[in-house]
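Take a look at the structure set out below.
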Amino acid sequence: MARNRHAATLTAASLVLLTTGFGLFTGASQASAAAASCNGSSCVGHDPRTYGCPVTSTTTATYTSGAATVTLYNRYSGTCNSNWAEAVENTAAQQAGWGVDLSVLAMTSNQSNASALQKSCFPGPSDTGSSWEECNGTEYYGATGWPAWTDMVDGHYYTWALLSVWDRSHTFLRQIQANQ
């Protein structure tokens, strides 16, 4: 069952919100860093905020058309050894009615040296613990606020964060990517 990732109750003891123009989650307090409840493969398919995983590095990609901008973040938590994708639209993009779908993928190797993919996406299932979450095929238009984010993949591996942007009539505009 999907839950609303944006309605999570955040306490001052668990999160530090840095004001970057968008009010992004960019870190956690010492209390939540110590309370991180997963690492690497045990984080796969879980929500980074629920599991107390602070951001320690980020790569970004941006799509801009006129005054409208959407930014994609590939977030990494060294505390949790995990990555997730996050997206934020500015006010002009929200007013233009842009929708997004985002995913994060990790290429892993199993014991026989064969490669496997892990995938989490939004909108889609949430906090399943699954290494492969199927996206639900619809775009997110900001109904419950920004940022939007995926569940985590194992951060021991190379990751790709992908964001597709759509207009209000569901016409594809652009895909952007941030790797880490």
Side-chain angles (χ1 to χ4, degrees), residues 2-10 12 14-28 46-51 53-78 80 82-107 117-127 133-153 155 158-180:
R3 68 174 164 70
N4 182 337
R5 296 173 202 238
H6 308 288
T9 302
L10 307 176
S14 65
L15 295 178
V16 175
L17 294 177
L18 299 179
T19 305
T20 61
F22 298 115
L24 298 174
F25 168 76
T26 57
H46 293 294
D47 187 303
R49 288 170 168 82
T50 301
Y51 279 70
C53 297
V55 174
T56 55
S57 72
T58 300
T59 57
T60 62
T62 307
Y63 170 60
T64 301
S65 178
T69 299
V70 61
T71 303
L72 169 65
Y73 301 92
N74 184 334
R75 303 285 197 195
Y76 172 74
S77 172
C80 295
S82 62
N83 288 72
W84 61 96
E86 190 169 293
V88 175
E89 288 185 353
N90 71 3
T91 302
Q94 293 171 34
Q95 290 172 344
W98 283 7
V100 301
D101 60 69
L102 72 150
S103 58
V104 63
L105 298 116
M107 178 70 76
L117 281 175
Q118 296 173 355
K119 180 178 102 175
S120 290
C121 55
F122 182 83
S126 180
D127 209 20
E133 293 180 350
E134 288 296 330
C135 302
N136 67 14
T138 60
E139 300 86 42
Y140 175 69
Y141 287 88
T144 55
W146 296 95
W149 67 90
T150 67
D151 289 337
M152 297 178 280
V153 294
Y158 187 78
T159 61
W160 300 265
L162 303 168
L163 174 76
S164 296
V165 184
W166 308 82
D167 70 13
R168 71 176 74 243
S169 64
H170 307 282
T171 301
F172 176 76
L173 299 175
R174 177 76 50 94
Q175 184 174 68
I176 57 176
Q177 179 174 326
N179 304 331
Q180 200 170 162

Can you give me the closest heavy-atom contact between [X] and [Y], atom names plus distance?
X      : Y      : value
Gln180 : Tyr76  : OE1-CB, 3.3 Å
Val88  : Pro147 : CG2-CB, 3.6 Å
Pro123 : Thr138 : CG-O, 3.1 Å
Trp84  : Ser77  : CZ3-CB, 3.8 Å
Thr71  : Thr60  : CG2-CB, 4.5 Å
Ala87  : Leu102 : N-CD1, 4.1 Å

Has the side chain of [X] got a donor or acceptor atom that lies under 3.5 Å from a matching backbone atom of [Y]?
X      : Y      : value
Arg168 : Gln95  : yes
Thr150 : Ala85  : yes
Tyr141 : Asp167 : yes
Glu133 : Ser126 : no

Got a second to check how far [X]'s [atom1] is from [Y]'s [atom2], nearest 0.5 Å?
X      : Y      : atom1 : atom2 : value
Asp101 : Leu162 : CG    : CG    : 9.5 Å
Glu134 : Ser120 : CD    : OG    : 11.5 Å
Arg174 : Trp166 : CZ    : CH2   : 13.5 Å
Leu105 : Asn83  : CG    : CG    : 11.0 Å
Ser103 : Gln175 : OG    : CD    : 7.5 Å

For the aromatic rings, using the six-membered ring if either is Trp, is the centroid distance between Trp146 and Tyr140 under 6.0 Å?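 That pair passes the under 6.0 Å test.
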Side-chain contact, heavy-atom cut-off 4.5 Å: [X] with [Y]?
X      : Y      : answer
Val100 : Trp98  : no
Ser164 : Glu139 : no
Met107 : Trp160 : yes
Arg75  : Pro48  : no
Tyr51  : Asp127 : yes

Any side-chain donor-acceptor pair under 3.5 Å between [X] and [Y]?
X     : Y      : value
Asp47 : Trp149 : yes
His46 : Asp151 : no
Asn74 : Thr159 : yes

